[in-house]
Amino acid sequence: MLWQQLINGLALGSTYALIALGYTMVYGIIQLINFAHGEIFMAGAFFAFLMVMVLKVNIFIALILAMAFCMLLGIFIEFVAYRRLRNSSRLSALISAIGVSIFLSTLALLVFGADAKGFPDGIFPNGQLQLGSVSISFLQILIFVVSGFLMLTLQFIVHRTKIGKAMRATSQDYNTAALMGVNVNMVISFTFALGSMLAAAGGVLVGVYFNAVSFNMGLLVGLKAFAAAVLGGIGSIPGAMLGGILLGVTEVFTVTVGFSSYRDAIAFAVLVLVLLFRPSGLLGQKIQKKV
Amino acid sequence: MKKLIIISLLLGLVMMTWAGYGLSKESDTLKIGFLGALTGDVAMYGQPTLAGMKMAASEINQAGGVLGKKIVIVEADNRGDKQEAATIVQRFISRDKVIAIVGDPTTGITKVAAPICERNKVILLSAGATGTGVVELGKYIFRDTLLDTVAVPALIDYFVSNAGFKKVAVITSDNNDYSVGLTQVFKNAIKGKDCTIVSDEKVKDGDKDFSAQITNIKAKNPDIIFFSGYYTEGSLIMKEARKQGMKINMFGGDGLYSPTLISLGGQAIEGSMVYVGFSPEQPTPETAKFIEKYKTANKGVIPGLFEAQGYDAVRILAEALQRAKSSQPAKFRDAVAKTKDYKGVSGTITFQANQEPLKSPVYLLEIKNGQFALKAKVPVK
């Protein structure tokens, strides 16, 4: 049963990791905690839900369409709500982010109603793979494969491509990168697109896995993913993955040992503990004050 | 001169109203107040209750009334608002001089109305309140609903003797008062029965991930899951159970009784069960007659729980009046309290010494082909 619960925890953690990546990348580049990120996750889930219900497309195509949709949504949000505030105080951009978050979730509430919606039966084969005493459902395999693939791709983009190099340069020093001829506006748009795309993938996977898409699904998951990003060290991409998976596994094991009432409380207590001993997160760099 | 005319006209008007007031006061009617919401969020409980009450009143009146008088239902819309409800109760008692009030279908407003009724010695018969601490509010407070404390022991007996269930997994939503209360009822009821709780898991309303809890439960290999919460979590729990390859079903109270349970649960929820206080299927002769009459009077609409309980409430009051041979408060109250084995359309009703209703049967519904279908009428001993 321990192994089984580990699988459950890894599946949950992988979805947190996908979302945490978006927080961490945006923060790494413009030091903004993008609170609308949880709602992009929700928007991705609803978009795929609509694709499946109305256009009857395959779930994989819906996943790709939702990722594309959220890329555009992310770029659009950055352009409308954050770009003009880039040189004003960080608090203004943060409030703007909260505004976008409330706007999107209220919009979803008005359009789709308060009840959770479920994907239809049989959208994804409901079988299991038996490995000794452990059974892994096909959905869990899907989550591992999709999130693993996306995280590897992300690592490749950031470390092996020209745009990745520009992203890293911008995150190290925004002004110098701009002086060196990096098109920082483009880099920031690209970062939002990439982060939103991952959130959309997370949203669709969570929507299918738990079979529930609702207007407020982004709130708690967004908060947990943000916590995961902080746990791993905000700004650090491997940190976000590690943080997400740790948080998921902690939650599940809290339930396993019989404290199901306290799952969120204990998960967040662990977060506080880690931060007390490592204020910059597990894999975060020491914060240096620029003089 | 003009002034004088206006004043005398006004005086005349006032006199006329007084006269009318006096007339209605001494007419040959017995008034029963309807307390409930006809608009707003909880109108879906109030409207059917009133419809059932009106049908009972018109039947009684067609058969000659009670104690030689006609029954009149006085209605008002409290919109589910506690303050409004208190005002209405006062008005029913002081202006309309009702002999009894039926309602409110919700526990909260019943508790607001109860002390006022008790003070004025007017019977309050709630056709819907199922929460705790209602009839304790006074000697004049009654209800005709199926209580969880009555239903759950009967259901455990039924599952043990009919399906041979020995091991049950309990799931509670611990940020939901209803769920916490129902789980307590279940745990009290299962003591001494040939069935044990092998797993006691907690979830929260709004949770989406139940994988860890289900894995815990699966390891204990129970025969059935008892979930005391609401329909959204209920359907997601069963989805997760099927995903992990579990074949067992779930049962729970009327918190699960919603079309959303089925639309969200799909195939996973097939075979799961909920218990409720009324079903139009497999009716007794009384219930069949009620359903037919209701359908004819309401364009083919099939009556549900609240119509049936509203109907039964008025019938119980009328029957008690017959036995008391008077509408004098103390006599009337004692007659209502002595209601025993009253054959209502929602089941047989007996008021126990503590005024709580003992209702039989419990209607156990099973989800079959995407519909709630009556599985069994479980008798209460």
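Order of the sequence lines fixes the chain letters, A, B, ..., with proteins taken first and strands second; residue numbering starts at 1 for each chain.
In this structure, the ring of A:Phe49 has its center less than 6.0 angstrom from the ring center of A:Phe119. Ring centroid separation for the pair B:Phe251 and B:Phe226 comes in under the 6.0 Å cut-off. Aromatic rings of B:Tyr257 and B:Phe372 (six-membered ring for Trp) have centroids within the 6.0 Å cut-off, being under it.
For B:Leu236, the part lying near chain A is the side chain, with the backbone staying farther off; criterion is any non-hydrogen pair under 4.5 Å. Both the backbone and the side chain of A:Tyr209 come within less than 4.5 Å of a heavy atom of chain B. If you measure heavy-atom distances from A:Ser214 to chain B, the contacts under 4.5 Å come from the side chain alone. Only the side chain of B:Thr232 comes within contact range of chain A, judged by heavy atoms closer than 4.5 Å. Contact annotation for A:Ser135: only side-chain heavy atoms (C-beta onward) come within less than 4.5 Å of a heavy atom of chain B. With a 4.5 Å cut-off on non-hydrogen atoms, A:Leu139 touches chain B through its side chain but not through its backbone. Within the 4.5 angstrom heavy-atom criterion, atoms from both the backbone and the side chain of A:Asn211 approach chain B.
For the side-chain contact (heavy atoms from CB on, under 4.5 Å) test with B:Met250, the passing option among B:Ile171, B:Leu256, B:Val274 is B:Leu256; the others fail.
Interface residues of residues 237-249 of chain B toward chain A, defined by a heavy-atom distance below 4.5 Å and sorted by number: B:Lys239, B:Lys243, B:Gln244, B:Gly245.
For the pair A:Met51 and A:Ala62, the tightest heavy-atom approach, listed with the atom from each and the gap, is CB-CB, 4.0 Å. The two residues B:Ala129 and B:Thr145 make their nearest non-hydrogen contact at O-OG1, 2.8 Å. Residue B:Asp174 comes nearest to A:Ser261 through the heavy atom pair OD2-OG, 2.7 Å, listed as atom of the first residue, atom of the second, then distance.
Of all the listed residues (B:Ser235, B:Ala219, B:Gly266, B:Ala212), the one sharing the greatest number of non-hydrogen pairs under 4.5 Å with chain A is B:Ala212. Ranked by heavy-atom pairs under 4.5 Å with chain A, the first of B:Lys202, B:Lys204, B:Gln213 is B:Lys202.
Using a 3.5 Å distance cut-off with no hydrogens or angles, the side chains of A:Asn8 and A:Gln5 do pair a donor with an acceptor. Donor-acceptor pairing under 3.5 Å is lacking for the side chains of B:Ser179 and B:Ser173. If you check the side chains of B:Thr106 and B:Asp104, you find a donor sitting under 3.5 Å from an acceptor.
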